[in-house]
> 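Before anything else, here's the structure in question.
Just so it is clear: chains get the letters A, B, ... in the order the sequence lines come, proteins before strands, and each one is counted from 1. Worth saying up front: this structure is predicted, and the values here are computed from it rather than measured.
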Protein chains: 2
Amino acid sequence: MTSPSATPGPRYQALLQLLRTADTLWNASRVFFARWNLSPSQFNVLNLLYDQPKGCSQIKLGRLLVMHRSNVTGLVDRLEARALVCRRDNSTDRRAFNVMLTPAGKKLIRQIQPHYHKAAAEVWGGLPLKRANQLVAELIAVSANAECIAERVST
Amino acid sequence: MTSPSATPGPRYQALLQLLRTADTLWNASRVFFARWNLSPSQFNVLNLLYDQPKGCSQIKLGRLLVMHRSNVTGLVDRLEARALVCRRDNSTDRRAFNVMLTPAGKKLIRQIQPHYHKAAAEVWGGLPLKRANQLVAELIAVSANAECIAERVST
DNA sequence: AGTAGATTGTCGATATGTCAACAATGATTT
DNA sequence: AAATCATTGTTGACATATCGACAATCTACT
């Protein structure tokens, strides 16, 4: 007989498995993108910029990628060194850059995307649509709870 | 009318949301453990060692934490410098150390665990047990698929 | 206009993570 | 026993991530 609300239990297992799965996914994506000599984060930058033809400030990039400004600097530096991305002056705000894909960057991301979407679909195997939607909802709830806890602690 | 097997779709959203949620959880845990001046990885080391009273080699620690040996070196270094962990010679294998908790380390982990379990439970809110178990099963399947893809690519 | 406060990007310090290479040791094979 | 191969931990080079401090700039208010 198990106590009806034992603390560790299945919910705790779910938490551990969630983190572990994400780690596995991230590592798999590292292996996956290595073919094009890109890190997952670098791919994310290119992928995001692909949807922003007018370019994007670094702080906005950081917000979309959920990372600190200071990290965007180096990420963009390395992509710029490979001419996949360029920094253009922003005419309306002289503090900010406009980061955008170069033609080479566009070409690369177009080349990768079909492989990426195929792999992403495979990862879920035969998960029914209904379950996928339910899962997204649950994960969003978890995110919200975690953020709430973090906020409560830091204040 | 949506196409029955469009590539991005809800499964793709689920993938993104999964990574995002894990990132949020990890960040929340960083804030959470900062109270004790620990990183999430450092906590994981202590937490693992708590269940291994006889100690653990660094390579085994790395496997349990899903990280490379070389990373364990620094992690243990920093915990050792704070006297939360110690390296003892392994009598049967002179290559390996036996990493174990010091009394101070045991004391710290015992102090943290109740807060940790409470927060971990809160994260799931009112998720029914049945759903939690289903989730774990789905996440394990995803892990396996991801690892399979990575292996296929790297070979 | 001028000043005070917020925002943007960079830098340095530090932690976390990878990989390849190395020395020391263990395990196996001949 | 000797040689070969595998494993353990460390190191160095690097990418990724955080934070705090800083200069330049924008914004708002007096």
> In Å, rounded to the nearest 0.5 Å, how long is the span from CG of Leu49(B) to CD1 of Ile109(B)?
9.0 Å
> Find the distance between NE2 (His117(A)) and CG (Leu15(B)) and round it off to the nearest 0.5 Å.
10.0 Å
> Can you tell me which residue pairs pass the salt bridge (charged side-chain N to carboxylate O under 4.0 Å, His left out) test with a partner in residues 121-132 of chain A, sequence neighbours excluded?
Lys118(A)-Glu122(A), Glu122(A)-Arg152(B), Arg131(A)-Glu138(B)
> Return the CZ to OH distance between Phe32(B) and Tyr116(B), rounded to the nearest 0.5 Å.
9.0 Å
> First locate atom CG of Leu65(A), then atom CD of Gln58(A), and finally report the distance between them rounded to the nearest 0.5 Å.
11.5 Å
> Could you state the CG-P distance from Asn37(A) to dT18(C), rounded to the nearest angstrom?
18 Å
> Can you pull the contact range of chain A along DNA chain D, 5' to 3', using atoms under 4.0 angstrom from its heavy atoms?
dA15(D) to dC26(D)
> For nucleotides 22-27 of chain C, give me one character per nucleotide, 5' to 3': B if any protein heavy atom sits under 4.0 Å from the base, S if the only such contacts are to the sugar-phosphate, - if neither.
--BBS-
> Are side-chain N/O atoms of Asn47(B) and Gln113(B) paired as donor and acceptor at under 3.5 Å?
yes
> Nearest heavy-atom pair of Leu79(B) and Leu38(B): which atoms, and what distance?
CD2-CD2, 4.3 Å
> Treat each ILVMFWY residue as a node, draw an edge where side-chain heavy atoms are under 4.5 Å apart, and state whether Leu25(B) and Ile140(A) are in one component.
no
> Do any of residues 15-24 of chain B sit with a heavy atom less than 4.0 Å from DNA chain C, and if so which?
none
> Only one of Phe33(B), Phe43(B), Trp36(B) clears ring pair (Phe, Tyr, Trp, His ring centres under 6.0 Å) with His115(B); which?
Trp36(B)
> Tell me what Arg82(A) touches on the nucleic acid: a base, only sugar-phosphate, or nothing, going by heavy atoms under 4.0 Å.
nothing
> So which atom in Leu64(B) and which in Arg20(A) form the shortest heavy-atom distance, rounded to 0.1 Å?
O-NH1, 3.9 Å
> Where along residues 51-62 of chain A does a heavy atom come under 4.0 Å from DNA chain C, residue by residue in number order?
Ser57(A), Gln58(A), Ile59(A)
> Pull out every protein N or O sitting under 3.5 Å from an N or O of nucleotides 14-16 of chain C, one pair per line with the distance.
residue : atom : partner  : partner atom : Å
dT16(C) : OP1  : Ser39(B) : OG           : 2.3
dT16(C) : OP2  : Arg78(B) : NE           : 2.7
dT16(C) : OP2  : Arg78(B) : NH2          : 2.7

> Indicate, with yes or no, if Trp124(A) and Leu16(B) share a hydrophobic cluster defined by side-chain heavy-atom contacts under 4.5 Å among Ile, Leu, Val, Met, Phe, Trp and Tyr.
yes
